J.: 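Sharing a structure below in structure tokens format, with a few things to ask.
Order of the sequence lines sets the chain letters (A, B, ...), proteins ahead of strands, with each chain counted from 1. Note that this is a predicted model, so its numbers are computed, not measured.
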Amino acid sequence: MTDRLAELNPSQREAVTTLSGPLLVLAGAGSGKTRVITYRMAELIRSGIQPSRILSVTFTNKAAREMQERAGKLLGKSRSERPLVATFHSLCVRILREEIAALGYPANFTIYDRGDQESMARTALRDIRVPEKSMKPGDLLSLISKWKGAGVSPEQARDAVDGDLEALAAAGYRRYQQGMKAAGAVDFDDLLYLTDRLFTTSPELLARHQQRFDTVQIDEYQDTNGLQFRLIESLVRPHHNICVVGDDDQAIYGWRGAEVRHILAFPQHFPGTKIIRLVDNYRSTSQILALANQLVTNNRNRHAKQLLAHKDGPLSVKIKEHPDEGTEALDVVREITWLTKQKGVPPGDIAILFRTNDQPRAFETELRRAQVPYVLLGSQSFFDRREIRDLLAYLRVCSRPEDEIPLLRIINVPPRGIGATTIEKLVGRAQKTSQRLWNAMPPALQTGELGQAAGNAISGFRTLIEKYRRQFAENPRALSTTLEKLIDEIGYHAEIEKQYEQATQHELRKTMLGELVTAVRQYESRTTHPTLHGFLQETSLGGREDEPDKDDKLQAEGVKLMTLHSAKGLEFPRVYLVGMEEGLLPHKRSTSERSGDVDEERRLCYVGVTRAREFLTISRAQTRMKWGKPRVCQPSRFLFEMQGLPVPPQVLMGDDRR
DNA sequence: CTGATTGACGTTTTT
DNA sequence: CGTCAATCAG
């Protein structure tokens, strides 16, 4: 134990050994934060606290898994003797599984993803007769999210509206929430919002959960939103043994409701807070760090700090300009090819970071051409692909046919003769008799109102679903083989061949189906009591993290391509930060719109720069294709700011000609 | 009901 | 340049 602490610098050591009371660790980029958190868990246990009574909250599932693993190695204990490491969302799912019945939801609730939420929002708007053009489903969703984030119920929203549009949205919110409850579904915000509701309405229930943990630590605290703060505050209220770690300069999730003020005002929320600053950076060269330090001084509203470098690399920074994005990609890849093929640099040491998900296209093309191995992380997720979503919808219908969103998705996929009119009749009937769509089918068949052909199609569909519903339920150990049979029976392979012309597409899409089967099989083998519902809940929570080949990807010896957002928390010996242009970084939307926040874009840039250990190349293109036409791009203002140069006025003009 | 064609339209990040 | 919804002819 003692030699472990000897590896640390004095501030780190203090953070690791302060075991009780409120503790705020302001940890700059590359200051050994992860090590501090893990060591502190070990110290807590050494001081006599039961591992199971320690709660550690991280931001992503990936981070949770990693910390779980590190802690395991450090403590050398079995899984059951390790602290609970969870994300806010998975923590809430654990709580809701036990408690959600109190709110009138089924214990086997489904978690809706973004697409499902949009469908639900669309029906809610239709129900209250709001035309699409005055409010889009997305608009409604963002208002709902804002309300939920502040703990506001539909009723409270109705009473506090400001203006006609908000009044409509409040009605939509009410309808949406009713629809969700009827479907037995919750959205991502609900996981936190409903848990908060439980805690505020039932003191006994809260007390029970408070007693489960003696101490709580939270990573990436700068990214907590209002609900997350309330939740944690409730949990630690009896003892205030809370340690939060974060960096206000890396707050990049404001658009999702995160509020930096939580980390700024932590000492006010928890009186007697001890504050520890970690400013020694062991990651990057002084040249790289100088850019980062200089850049972020342009931000208001932050804990002032300068990171101290411990390495030198006179040639570690390059800034380049290219005529267009194709040339930019070509140049970056040419250099990477030289590095990997001539200098023996492992491709896995290199990362290409960008702002938006359509930027990697050009780089992928060039990397493929140069035959450099690469992995694209995060972007088009496995679970977002059409065929995967279709099949997941089948599984969801088999799991709970009452859930209408997936039912409507696949009722006529592949085409089986159930058209718009038939569906409309069924939906109308379900509404009139206030039944679920699924249950409205048999009575509609009896009246014969559907006509011969459509009637047969509907009863055929019901028979199909019921057959597989039974098979999934009866053979939970054979979920994957049942799925294979289902894919066969609905003729999905043939459907793919009809849908896409090229043979390469057929192969690709069919492999995807195979991967889904693999994912189910993996779930089967690692779970003691597999169920269809269990698999579905796991995939919706883990989302992109649970992609079948994800682990291989992270380990893979390939150049890593990812967005700045998904690069947070990672580091690479060599980083290419591309597309440094006004309009991309900072993104157009942050500079032109009223709610725009350029400071957050600056922090995003800061995150990008501080990912690099030894070498950083920043590049930009003078023109970029947009909708088929080349457009002139100004250099990013951040390029000037980070070098301590004045920003030329034309850069900020937002030249919009095409 | 299905499959094909046309036209409008769009700029971000994701637990 | 793509995508997706609306429209139209079998």
Side-chain angles (χ1 to χ4, degrees), chain A residues 57-64 86-93 111-115 117 122 132-133 136 138 141-142 145 149 186-192 220 223-225 227-228 251-258 353-359 361 377-381 383-384 386 411-424 450-451 453-454 457 495 498-499 501 540-546 562-568 579 581 583-593 595-597 600-601 603-605 607-608 624-631 633 654 656 658:
Chain A
V57 181
T58 59
F59 207 68
T60 63
N61 288 300
K62 197 181 92 211
T87 62
F88 278 104
H89 294 272
S90 66
L91 176 69
C92 288
V93 168
I111 301 165
Y112 270 12
D113 67 12
R114 177 73 198 190
Q117 290 174 42
R122 192 167 291 123
E132 279 261 326
K133 49 188 176 306
K136 284 194 228 116
L141 284 178
S142 60
S145 177
V186 304
D187 60 28
F188 272 101
D189 292 321
D190 278 334
L191 292 173
L192 305 172
E220 306 284 12
D223 288 325
T224 47
N225 67 27
L227 273 176
Q228 291 166 335
I252 56 174
Y253 284 101
W255 52 273
R256 205 165 73 183
L353 307 182
F354 39 83
R355 177 67 175 84
T356 69
N357 275 316
D358 57 292
Q359 281 172 268
R361 261 183 234 274
L377 284 135
S379 70
Q380 204 203 2
S381 153
F383 291 101
D384 286 342
R386 160 113 76 106
I411 194 165
N412 199 31
V413 174
R416 54 169 68 88
I418 304 175
T421 15
T422 312
I423 292 173
E424 225 164 273
L450 299 178
E495 174 63 13
K498 243 191 286 172
Q499 212 121 102
E501 294 202 349
S540 56
L541 235 202
R544 53 211 327 125
E545 303 291 342
D546 271 353
M562 68 185 94
T563 63
L564 289 165
H565 281 89
S566 39
K568 193 169 75 151
E581 296 134 39
L584 257 182
L585 187 66
H587 195 273
K588 186 110 207 276
R589 243 164 126 137
S590 71
T591 56
S592 62
E593 280 191 14
S595 58
D597 182 0
E600 182 155 306
E601 296 285 311
R603 292 191 289 263
L604 206 46
C605 184
V607 167
R624 200 167 273 277
M625 286 298 235
K626 197 85 206 198
W627 302 333
K629 292 208 162 73
R631 267 190 51 181
C633 301
D656 245 348
R658 55 192 164 111

J.: Taking atom P of dC1(B) as reference, at what distance in whole Å does atom CD1 of I423(A) sit?
T.: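 Going from I423(A) (CD1) to dC1(B) (P), I get 8 Å.
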J.: Is the base of dT15(B) stacked against the aromatic ring of F188(A), taking ring centres under 5.5 Å apart and planes under 30° as the test?
T.: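 Whether judged by distance or by angle, F188(A) passes, so it stacks on the base of dT15(B).
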J.: According to a strict under-4.0 Å criterion, is T563(A) in side-chain N/O contact with OP1 or OP2 of dT14(B)?
T.: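 Yes.
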J.: Starting at the 5' end of DNA chain B, which residue's closest nucleotide do you reach first, P415(A) or E601(A)?
T.: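 Counting from the 5' end, the first nearest nucleotide belongs to P415(A).
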J.: In whole Å, I'd like the distance from the CH2 atom of W255(A) to the P atom of dT13(B).
T.: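 Taking atom P of dT13(B) as the reference, CH2 of W255(A) is at 8 Å.
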J.: OP1 or OP2 of dT2(B) less than 4.0 angstrom from a side-chain nitrogen or oxygen of N412(A), does that happen here?
T.: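 Answer is yes, contact under 4.0 Å.
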J.: Can you tell me if N61(A) touches the phosphate of dT15(B), counting only side-chain N or O atoms and a distance under 4.0 Å to OP1 or OP2?
T.: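 No, N61(A) has no side-chain N/O under 4.0 Å of OP1/OP2 on dT15(B).
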J.: Could you work out which one of dT15(B), dT13(B), dC1(B) sits closest to the side chain of R256(A)?
T.: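 Looking only at heavy atoms from C-beta outward on R256(A), the closest nucleotide is dT15(B).
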J.: How is F59(A) classified with respect to the nucleic acid when contacts are heavy atoms under 4.0 Å: base, sugar-phosphate, or nothing?
T.: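 It contacts sugar-phosphate atoms only.
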J.: Starting at NZ of K629(A) and ending at P of dC1(C), how long is that distance when rounded to a whole Å?
T.: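 Nearest whole value for this atom pair: 9 Å.
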J.: Does R589(A) get its side chain close enough to the base of dT11(B), under 3.5 Å, for a donor-acceptor pair?
T.: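 A donor-acceptor contact between them is absent.
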J.: Is the phosphate of dT14(B) approached by N357(A) (side-chain N or O, under 4.0 Å from OP1 or OP2)?
T.: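 Indeed, a polar side-chain atom of N357(A) lies that close.
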J.: How about H587(A) and L604(A): do any of their side-chain heavy atoms sit closer than 4.5 Å?
T.: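 A side-chain contact under 4.5 Å is absent here.
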J.: Taking atom C1' in both dT12(B) and dA5(C), what distance in whole Å separates the two?
T.: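 The same atom, C1', in both gives a distance of 23 Å.
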J.: Output the rounded distance in Å from CG (L377(A)) to P (dT13(B)).
T.: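 The answer, rounded to whole Å, is 15 Å.
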J.: Counting C-beta onward and ignoring hydrogens, is there a side-chain heavy-atom pair between V93(A) and I111(A) closer than 4.5 Å?
T.: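 Side chain of V93(A) against side chain of I111(A), heavy atoms only: contact under 4.5 Å found.
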J.: Using a 4.0 Å heavy-atom cut-off, does R416(A) contact any base of the nucleic acid, only the sugar-phosphate backbone, or nothing at all?
T.: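 Result for R416(A) = sugar-phosphate.
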J.: Say whether, by atom type as modelled, one donor and one acceptor occur between the side chain of R355(A) and the main chain of L564(A) under 3.5 angstrom.
T.: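 No; zero donor-acceptor contacts below 3.5 Å.
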J.: Let me know the distance between CG of L584(A) and C1' of dT13(B), rounded to the nearest Å.
T.: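 About 12 Å, once rounded to whole Å.
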J.: When you measure from the side chain of N412(A) to the backbone N and O of G419(A), does any donor-acceptor pair fall under 3.5 Å?
T.: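 No; judged by distance alone, with no hydrogens or angles, the pair does not exist.
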J.: Send over the distance from F354(A) CZ to dT13(B) C1', rounded to a whole Å.
T.: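 So the CZ-C1' distance, F354(A) to dT13(B), works out to 12 Å.
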J.: Side-chain contact, heavy-atom cut-off 4.5 Å: D223(A) with Q228(A)?
T.: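 They are not in side-chain contact.
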J.: Determine the interplanar angle of the F59(A) and Y253(A) rings, folded into 0 to 90°, and report it as parallel if under 30°, tilted if 30 to 60°, perpendicular if over 60°.
T.: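 F59(A) vs Y253(A) ring planes: tilted.
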J.: Hey, is the side chain of H89(A) pairing donor to acceptor with the base of dT15(B) inside 3.5 Å?
T.: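 When only heavy-atom distances are counted, H89(A) does reach the base of dT15(B) through a donor-acceptor pair under 3.5 Å.
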J.: Of G419(A) and I252(A), whose nearest nucleotide on DNA chain B comes first from the 5' end?
T.: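 Closer to the 5' end of DNA chain B: G419(A).
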J.: According to a strict under-4.0 Å criterion, is T422(A) in side-chain N/O contact with OP1 or OP2 of dC1(B)?
T.: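 For dC1(B), OP1 or OP2 has a side-chain N or O of T422(A) closer than 4.0 Å.
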J.: Under 3.5 Å, is there an N or O donor on one side and an acceptor on the other linking the side chain of R631(A) and the base of dT11(B)?
T.: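 Indeed there is one.
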J.: Stacking between Y253(A) and the base of dT13(B) (centre distance under 5.5 Å, interplanar angle under 30°)?
T.: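 Not stacked by the 5.5 Å and 30° rule.
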J.: Does S566(A) put a side-chain nitrogen or oxygen below 4.0 Å from OP1 or OP2 of dT13(B)?
T.: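 No, outside the criterion.
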J.: Would you classify A420(A) as touching base, sugar-phosphate or nothing, given that sugar-phosphate means primed atoms plus P, OP1 and OP2, and contacts are heavy atoms under 4.0 Å?
T.: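 Result for A420(A) = sugar-phosphate.
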J.: Counting side-chain heavy atoms from CB outward, which of dT12(B), dC1(B), dT11(B) is closest to K588(A)?
T.: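 From the listed options, dT11(B) comes nearest.
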